Amino acid sequence: YLGNIYTKFGEPEKAIQNFTNAKEIALANDAYSELILIEKDKAILFDELDQPAKAKKAMIDQITFLEKNFENQQSLIKEQNQLERDLFEKESSLILTRELNKSQEESLQKIKYFALALLVLFFVTISVVVLLYKSNKNRLNLYNSLKVKNKELLDAKEKTEYAAQLKTNFFSTISHELRTPLYAVT
């Protein structure tokens, strides 16, 4: 400080003036640690100048600034603690958010797999239904074709049986007619 230099060179008035200017600047900026040093140096200067009342006032001001500095530091500590708590809460919130996002991503992935499985199951079911439909349609066509063939076979069987009956009747009649005149000759 310029006030200390003037004190060393034996110019107390300039030192006091510089201490006063420095005090105003420090007060304007709430620089209590600087104010404590200024008041300490003023107390030493007034003690050397044998002005105990001013030295006492400088010490009282020094104590006042010490208290204000302590309060200021306490409020800074409280503010720092609050900021640390806020930071912890935000970090915790961020961690929880990340975990929640991870959980949601896992759930979304499971839902995607489930939806994919349902889609595959749906297509398999549709394929089976189509296959069964075609198979049933084919079976129905075959059944109708078989009915027609069976009817044709029944008709053919009846015709064959009728023809066989006719043949049997014919042979029976011919056989009888052939035998009858032979009996008359003998």
Side-chain angles (χ1 to χ4, degrees), residues 22 24-38 63-186:
E24 289 173 7
I25 293 170
L27 276 172
N29 293 305
D30 291 333
Y32 294 111
S33 58
E34 301 301 322
L35 286 166
I36 293 167
L37 294 174
I38 292 169
I63 292 170
T64 303
F65 292 135
L66 275 169
E67 289 171 351
K68 286 185 179 180
N69 189 37
F70 179 75
E71 290 171 3
N72 200 14
Q73 286 179 352
Q74 288 297 94
S75 68
L76 287 175
I77 289 171
K78 285 180 184 177
E79 189 175 322
Q80 181 182 4
N81 288 339
Q82 183 62 39
L83 288 173
E84 286 175 356
R85 279 193 297 273
D86 290 347
L87 179 64
F88 177 75
E89 288 175 3
K90 287 182 181 180
E91 286 176 347
S92 298
S93 175
L94 182 63
I95 289 169
L96 288 174
T97 303
R98 285 180 183 161
E99 289 176 1
L100 182 62
N101 285 343
K102 184 179 178 183
S103 174
Q104 287 176 343
E105 287 175 6
E106 289 173 356
S107 295
L108 187 61
Q109 192 68 23
K110 288 178 182 177
I111 290 171
K112 285 180 182 178
Y113 287 140
F114 183 71
L116 183 63
L118 283 178
L119 189 63
V120 168
L121 183 64
F122 175 74
F123 282 125
V124 167
T125 304
I126 292 295
S127 299
V128 167
V129 167
V130 167
L131 184 65
L132 286 174
Y133 174 75
K134 285 185 177 184
S135 174
N136 196 24
K137 188 175 178 182
N138 191 21
R139 189 180 334 168
L140 186 61
N141 287 339
L142 289 174
Y143 176 73
N144 288 336
S145 174
L146 186 62
K147 265 175 83 174
V148 168
K149 292 288 181 185
N150 280 343
K151 186 173 183 192
E152 288 174 0
L153 286 174
L154 282 175
D155 288 344
K157 177 185 167 196
E158 287 175 3
K159 285 180 184 178
T160 306
E161 286 177 353
Y162 179 71
Q165 186 64 36
L166 279 178
K167 181 178 128 185
T168 305
N169 286 342
F170 175 75
F171 281 129
S172 152
T173 304
I174 291 294
S175 160
H176 175 71
E177 291 299 325
L178 283 175
R179 275 186 268 141
T180 306
L182 290 177
Y183 287 127
V185 173
T186 51

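Atoms considered below: every heavy atom in the structure, side chains included; atoms not considered: hydrogens, waters and symmetry mates. Note that this is a predicted model, so its numbers are computed, not measured.
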From Asp86 CG over to Glu79 CD, what is the distance, rounded to the nearest 0.5 angstrom? 10.5 Å
Keeping the roles fixed (side chain from Thr168, backbone from Ala164), state whether a donor-acceptor pair exists under 3.5 Å. yes
Answer whether the closest heavy-atom distance between the side chains of Lys147 and Asn150 falls below 4.5 Å. no
Closest approach of Ser75 to Asn72 (non-hydrogen atoms, all atoms of both residues): OG-O, 2.8 Å
Using atom types as modelled and distance alone, determine if a side-chain donor or acceptor of Ser93 lies under 3.5 Å from a backbone N or O of Glu89. no
I need the Thr160 OG1 to Leu153 CG distance, nearest 0.5 Å. 9.5 Å
Less than 4.5 Å apart, side chain to side chain, heavy atoms only: is that true for Leu146 and Leu142? no
Looking only at the side chains, is there a donor atom on one of Tyr113 and Gln109 sitting less than 3.5 Å from an acceptor on the other? yes
Quick test of your reading of the model: are Glu161 and Lys157 salt-bridged, counting only N-O distances below 4.0 Å? yes
For residues Leu27 and Phe65, determine if any side-chain heavy atom of one lies less than 4.5 Å from a side-chain heavy atom of the other. yes
Distance in Å, Ser107 OG paired with Leu100 CG, rounded so as to fall on 0.5 Å steps: 9.0 Å
CD of Gln73 to OG of Ser33, rounded to nearest 0.5 Å, is 8.0 Å
Rounded distance (nearest 0.5 Å) linking atom CG of Leu87 with atom OG of Ser92: 9.0 Å
Within the side chain of Ser135, is there an N or O that forms a donor-acceptor pair under 3.5 Å with the backbone of Leu131? no
Heavy-atom check, side chain of Val148 versus side chain of Lys151, under 4.5 Å: no
Under a 3.5 Å distance rule, please check whether Asp30 uses its side chain to pair with a backbone N or O of Ala26 as donor and acceptor. no
Would you say the side chains of Glu105 and Asn101 form a donor-acceptor pair under 3.5 Å? no
Interatomic spacing from CD in Gln104 to CD in Glu106 - rounded to 0.5 Å: 11.0 Å
